[in-house]
Amino acid sequence: MVRNMPELDIYEEDLTPEQRDIYDCIGSQAYEKLVQRYGGLSIYIAKADSVIRSARDEKIRRDFNGYNFKFLVNKYNLSERTIRSITAEIRQEKQNAPIEGQITFDEI
């Protein structure tokens, strides 16, 4: 049940059913912060699997050494194609990086 939120002067009858669901889900203090910071704006809340996938992909990028595709395939139970897709940007950066000891035109 929504109680009076004195800072915002909000009562249960002020909330739509959708807003009551949010309030019940996150609690009064978090709801007050949410209303104060994002009131009137549309915000997107990612699906859990999207958040999990992003975190997993970041771990894969950190674990990637340039050659360990098979290890990552086994560790994360993904296809090599998926691992290559996730690490494509890193591979491109490494491919375009100057060779150790090589000087660039900017350094001449």
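For the single chain, residues carry numbers from 1 onward in sequence order.
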(message) How long is the straight-line distance from CG of Asp57 back to CZ of Arg62, given to the nearest 0.5 Å?
(response) 11.0 Å

(request) Mark yes when over 12 heavy atoms from residues, nucleotides or ligands other than Asn77 sit less than 6.0 Å from its CG; otherwise mark no. (result) no

(message) More than 12 heavy atoms of other residues, nucleotides or ligands under 6.0 Å from CD1 of Ile45: yes or no?
(response) no

(request) Just jot down the salt bridge (Lys or Arg N to Asp or Glu O under 4.0 Å) partners of Arg61, sequence neighbours excluded, or say none. (result) Glu58

(request) Calculate, to the nearest 0.5 Å, the distance between atoms CD1 and CZ belonging to Ile86 and Arg84 respectively. (result) 12.5 Å

(request) Output the distance between atom NZ (Lys33) and atom OG (Ser28), rounded to the nearest 0.5 Å. (result) 10.5 Å

(message) Apply side-chain contact (heavy atoms from CB on, under 4.5 Å) to residues Lys75 and Asn68 and explain how you reach the verdict.
(response) CA-CA 11 Å; Lys75 180 175 181 178; Asn68 59 344; over 6 Å; no

(request) Could you label the plane-to-plane angle of the Tyr31 and Tyr23 rings as parallel, tilted or perpendicular, counting under 30° as parallel and over 60° as perpendicular? (result) perpendicular

(request) Using the rule that two of Ile, Leu, Val, Met, Phe, Trp, Tyr join whenever any of their side-chain heavy atoms come within less than 4.5 Å, decide whether Leu34 and Leu41 are in one cluster. (result) yes

(request) Using a strict 4.0 Å threshold on nitrogen-to-oxygen distance, state whether Asp49 and Arg53 make a salt bridge. (result) yes

(message) Taking CZ in Arg81 as the centre, count heavy atoms belonging to other residues, nucleotides or ligands within less than 6.0 Å. Is the count above 12?
(response) no

(request) Using a 4.5 Å cut-off on heavy atoms from C-beta on, say whether the side chain of Thr87 contacts that of Ile60. (result) yes

(message) Would Arg56 pass as a cation-pi partner of Tyr76, given that its NZ or CZ must be under 6.0 Å from the six-membered ring centre and within 45 degrees of the axis?
(response) no

(request) Check whether Leu78 and Tyr67 end up in the same hydrophobic cluster, where Ile, Leu, Val, Met, Phe, Trp and Tyr are linked by side-chain heavy atoms less than 4.5 Å apart. (result) no

(request) May I ask whether Ile22 and Tyr38 are part of the same hydrophobic cluster, defined by side-chain heavy atoms of I, L, V, M, F, W, Y residues being less than 4.5 angstrom apart, directly or through others? (result) yes

(request) Indicate yes or no: at least one non-hydrogen side-chain atom of Asn65 is less than 4.5 angstrom from one of Phe71. (result) no

(request) Grab the two heavy atoms, one from Ser79 and one from Val73, that are nearest each other, plus how far apart they are. (result) C-CG2, 3.9 Å

